[in-house]
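Residue numbers start from 1 in every chain, and the chains themselves are labelled A, B, ... in the order their sequence lines are given, proteins ahead of strands.
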Amino acid sequence: MLTAATFKRGLQRGWSTTWELTKVVVPVYLGVTFLKYTPVLVWITGACAPVMRLFGLSGEAALPLVLGNMINLYAAIGAITSLHLSSREITILAVMLLISHNLLVESAVAGRTGVNALAMTCFRLGLSFLCGVFLNLVL
Amino acid sequence: MPWGVLWEVPWKAFFSDAFYGSLHNVLMMAAIIFPVMMVLEIGRDLRVLDRITVFVAPALRLLGLSRQATFPLLVGIIFGIAYGAGVIIEAARSGEISWRDLFLVNLFLSTCHAVIEDTALFIAVGADPWIILGGRFLLAVILTCLVSRMAWLNARLPITSAK
């Protein structure tokens, strides 16, 4: 049944999620923007370019990919918005990240339901890479 | 890093970029998250999931899942792994869901979960909605269908079903 409490909870969850997100997005955005103003981003881009090319992504896309898998999607989004990626790149990145992200936390959660956490992590990463390669071929 | 490069950073441009960029980012996310959370809470209180469960249970047979797995699966797809796992752990503890269902639900959710919030965020930054939503869902369906028909999974069924 809908009551005032429903809307109150909606607002609360909206607020707490936005706050959680701000705590992650802002530092990541600042960090990546800072890297953009130094030669570091160029080095990272160069080093990652050969692997990223498999997915049709530029080298700098390695940043959101790593951040998303290690931390969470909010961190990845912070990085995506501070880089200049094409919409094709963003779509490929989005699919890869939506399949595998926040691996440290989510695998631990999945592990508690009785499924092998390490196997789940490898499975998600593998599937994410396969999808990246696939989308690069078909898009 | 040779620290000399720090002198060459155009600090003023950096600070204005950093400030306006973060502000824009946070406001854009808030504009997505508030409505999404409101819809999710309204859906929860209207017990939309209970109604959908009745509808989709037959379709889930295709995935090789039993009726008991429907609710945890739907919660995970819509609300995400954290909520889904809560319901799954509860179902596993009370013994109403088999190991086989548990495995398949986890398989499905590992590829496709929290489809409303996460998808909305990526659409906001410019990803193609059809590909990121449809593609992921289809992938999860195909994978679960295939794995549920594998012999080793079914062979394991009688021995390790959850108590």
Could you verify whether a donor N or O on one side chain and an acceptor N or O on the other, from A:T33 and B:D17, lie under 3.5 Å apart? no
Scored by heavy-atom pairs under 4.5 Å with chain A, the best of B:R47, B:E117, B:M38 is B:M38
Applying a strict 4.5 Å limit to non-hydrogen atoms, the region of A:Y29 in contact with chain B is side chain
Interatomic distance, A:F55 atom CZ to A:L137 atom CG [nearest 0.5 angstrom]: 11.5 Å
Taking every non-hydrogen pair under 4.5 Å, which of A:L85, A:V105, A:V95, A:I92 racks up the most with chain B? A:V95
Is A:L11 close to chain B through its backbone or its side chain, or both, or neither, when contacts mean heavy atoms under 4.5 Å? both
Is it the side chain or the backbone of B:L143 that comes within 4.5 Å of chain A heavy atoms, both, or neither? side chain
Please look at A:L98 and chain B and tell me whether the side chain, the backbone, both or neither of the residue comes under 4.5 angstrom of a heavy atom of that chain. both
A quick test of your reading: do over 12 heavy atoms of other residues, nucleotides or ligands sit less than 6.0 Å from CZ of B:F137? no
If we define contacts as heavy-atom pairs under 4.5 Å, which of B:N106, B:D128, B:L109, B:V125 has the most with chain A? B:N106
Shared ILVMFWY cluster between B:L23 and B:F15, side chains joined below 4.5 angstrom? no
Please identify, among A:L93, A:L97, A:I99, A:V25, the residue contributing the most non-hydrogen atom pairs under 4.5 Å to chain B. A:I99
On a heavy-atom basis, the closest approach of B:V26 and A:T22 is CG1-OG1, 3.5 Å
Between A:M120 and A:L130, is there shared hydrophobic-cluster membership here, with clusters defined by ILVMFWY side-chain heavy atoms closer than 4.5 Å? no
Given the rule that I, L, V, M, F, W and Y join up when any side-chain heavy atoms are under 4.5 Å apart, are B:W11 and A:Y37 in one cluster? yes
Sort B:A140 into side chain, backbone, both or neither according to what part of it lies under 4.5 angstrom from a heavy atom of chain A. neither
In terms of ring plane angle, is the pair B:H113 and A:H101 parallel, tilted or perpendicular, where the classes change at 30° and 60°? perpendicular
Please state whether the side chain, the backbone, both or neither of A:R124 comes within less than 4.5 Å of a heavy atom of chain B. side chain
Can you say whether B:I32 sits under 4.5 Å from chain A via the side chain, the backbone, both, or neither, judging by heavy atoms? neither
Step by step, would you call B:L133 with B:V115 a side-chain contact (heavy atoms from CB on, under 4.5 Å)? CA-CA 7 Å; B:L133 186 58; B:V115 296; 3.8 Å; yes
Minimum heavy-atom distance A:M96-A:S128, with the two atoms named: O-OG, 3.3 Å
Need one label for A:L30: side chain, backbone, both or neither, based on atoms under 4.5 Å from any heavy atom in chain B. both
Among the listed options B:T111, B:V36, B:V105, B:V39, the residue most often paired with chain A at heavy-atom distances under 4.5 Å: B:T111
Does any backbone or side-chain atom of A:W15 lie under 4.5 Å from a heavy atom of chain B? Answer side chain, backbone, both or neither. both
Of the listed residues (B:P10, B:A30, B:G135), which shares the most heavy-atom pairs with chain A below a 4.5 Å separation? B:P10
Checked A:V28, A:V26, A:T81 vs chain B; the most non-hydrogen pairs under 4.5 Å come from A:T81
